[in-house]
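So that the names make sense, note that chain A is the first sequence line, chain B the second, and so on, each numbered from 1.
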Amino acid sequence: MNVLITSAASATAQIIADALAGTHTLRLTDLPRNATGDIITPNDLGHEADTDKLVAGIDAIVNIGFQGQSGTATHLIDYHTRRMYNLLQAASDAGVARCVNISTLRLYEDHEENLVVTEKWRTDPSAENVELLSAHLVEIVCKEFARDRLIQVANLRLGWPFVGGSSAKPEDTAAISHGMIGAAVNEALSTSELIQWQDIHVQSPVDHQRFITKTAQNLLPGIASELAQ
Amino acid sequence: MKILILGGNGMLGPWAVTAMKDRHDILLTDINDPHADYKGDFLKLSADDVDGVVKAAEGMDVIINLSVLRPHRQLAFDVNTIGNFAMMTAAREHRIKRVINTGPHFQMVGQQYEEWDTNLNPDMPPAPGTRLYAHTKGLGQEICRVFSKRHGIQVITLLYYNMKHSWNLGGPEAPPVYHEDMVPYSTAWQDCGTAVQAAVEVPDSRLATKCESFFILPDLPHGKFNNEKTKRVLDWVPKYHVETLWNKETRQPPHGLHEAF
């Protein structure tokens, strides 16, 4: 599968790219100010032909919708609204079938831990944390493209923090491992279980696990056993 | 009250100013110069200039956002989405308790609703779809909602469709077409302006939540959109019912009944 990964210079994108590299043909892109070296294609995600070229021949997009960019509040909101709109418009025009949006379970971080938060719960972003507000807004952009049946969207809300080699600390009840992130994205790209718009919550199984992952177990069968441990 | 109006020199602004100028102190802002007949305070300001909007809002009681930009993709996001972020940031910074937002009906009721359903009311979950104008305004509205919830700012959103001149029912973009299917709703410009006044002046006690939306339309017989909440909560009484748009009979009073006495 030909997969485009946005905000490719970000840590999240690199975790995902490392996981997908062996099974997919990747095209990496980021804003020109972030794109260094020869591997990442610089692109402003404007509404001109460059974005059309970027998505030509792509089967699916992995969009980093949270903490893929940094900068001022207006830059972050602009990136996660206008530029996402441009990307998805170009993608739908080019016939890209699926977008996997990488969002965050931190959209629920103000809920008490004892609550059984599922995909059916309304997200409650902070107005003060522009990164979270932007993650919320990019979800809306994606959802409206899915609602208009222009592209299928799997909205993966990932736990936090991301844990590499070491195991999660006891207080990290929403932690997710790098391995789980890669596996979840890989599954979201290929599963045939998705409807047009699908929220999926993913975190690693840890002690006092904060978020249940039944939806992920049902829709992403390749990681079901790992999630259920 | 002291009122900051953003984007006040468009089509709706003069009617809102006319409705409120003798009742409130208005600071009108826009990227374009005001009408030659406008006599009040004016500041040249773009709605998406966050620092400029914050500065202009100092000392204000209410902010009204009438700014709109439709066809250009960059500018539509700048004005319709970032503009609302600027407005809500200003309201938060200066503890302004009320914000009036305006927009098209389809920032809430996109094609998924409008082409399928009737009795559309303003308390439905927004579904603007991907049409640029609706989408960018819908994102701006969501920013208003998030800030409202977090900071207790009263947001009142007025949703319009077509606006018509009361004297011939023409609009700024098309000539009048009588006795044919009306675009789902039309409202006379004067009434569009008095709706803004009603939103500014409605007591908090009449508003059920901190974020309320209203369809601004007169009584129309088709039942497509519902204006019950607008009349009940805002106590807004439209003066014009644009009847010749939707009634094939030209109504004339019986002979001798042209005057009350």
**Asked** Based on non-hydrogen pairs under 4.5 Å, which of Asp78(A), Leu88(A), Asn86(A) is most in contact with chain B?
**Response** Asn86(A)
**Item:** Lys137(B) side chain near Phe106(B) side chain, heavy-atom distance below 4.5 Å
**Value:** no
**Item:** Side chain, backbone, both or neither of Ser92(A) within contact of chain B (heavy atoms, under 4.5 Å)
**Value:** neither
**Which atoms of Phe85(B) approach chain A - backbone, side chain, both or neither, heavy atom under 4.5 Å** = side chain
**Item:** Heavy-atom contact with chain B under 4.5 Å, split by part of Leu150(A)
**Value:** side chain
**Message:** Checking Gln152(A) now: which residues fulfil side chain to side chain contact (heavy atoms under 4.5 Å, CB included) with it, not counting sequence neighbours?
**Reply:** Arg98(A), Leu194(A), Gln196(A)
**Message:** Which one wins on heavy-atom pair count under 4.5 Å against chain B: Ile77(A), Thr74(A), Leu133(A)?
**Reply:** Ile77(A)
**Asked** Do Arg82(A) and Ile82(B) touch side chain to side chain, with heavy atoms closer than 4.5 Å?
**Response** no
**Request:** Let me know if Ala86(B) has heavy atoms under 4.5 Å from chain A in its side chain, its backbone, both or neither.
**Result:** neither
**Message:** For Arg131(B), is there an ion pair with Asp148(A) - N to carboxylate O distance below 4.0 angstrom?
**Reply:** no
**Prompt:** Can you say whether Thr81(B) sits under 4.5 Å from chain A via the side chain, the backbone, both, or neither, judging by heavy atoms?
**Reply:** side chain
**Prompt:** For Arg92(B), is it the side chain, the backbone, both or neither that has a heavy atom under 4.5 Å from a heavy atom of chain A?
**Reply:** side chain
**Prompt:** Quick one: which residues of residues 42-62 of chain B reach chain A at under 4.5 angstrom, heavy atoms only?
**Reply:** Val50(B)
**Asked** For Arg149(A), is it the side chain, the backbone, both, or neither that has a heavy atom closer than 4.5 Å to a heavy atom of chain B?
**Response** neither
**Asked** Salt bridge or not for Glu119(A) and Arg157(A), using N-O below 4.0 Å?
**Response** no
**Item:** Matching residue for Asn155(A) among Glu139(A), His201(A), Gln198(A) - test: side chain to side chain donor-acceptor pair (under 3.5 Å)
**Value:** Glu139(A)
**Item:** CG (Asp38(A)) with more than 12 external heavy atoms under 6.0 Å
**Value:** no
**Fill in**
Applying a strict 4.5 Å limit to non-hydrogen atoms, the region of Leu137(A) in contact with chain B is both
**Asked** Parallel, tilted or perpendicular: which describes the rings of Tyr85(A) and His135(B), with under 30° parallel and over 60° perpendicular?
**Response** tilted
**Asked** Are any non-hydrogen side-chain atoms of Thr6(A) and Arg83(A) less than 4.5 angstrom apart?
**Response** no
**Item:** Carboxylate-amine/guanidinium proximity below 4.0 Å for Lys229(B) and Glu212(B)
**Value:** yes
**Item:** Salt bridge present between Lys143(A) and Asp199(A) (N-O < 4.0 angstrom)
**Value:** no
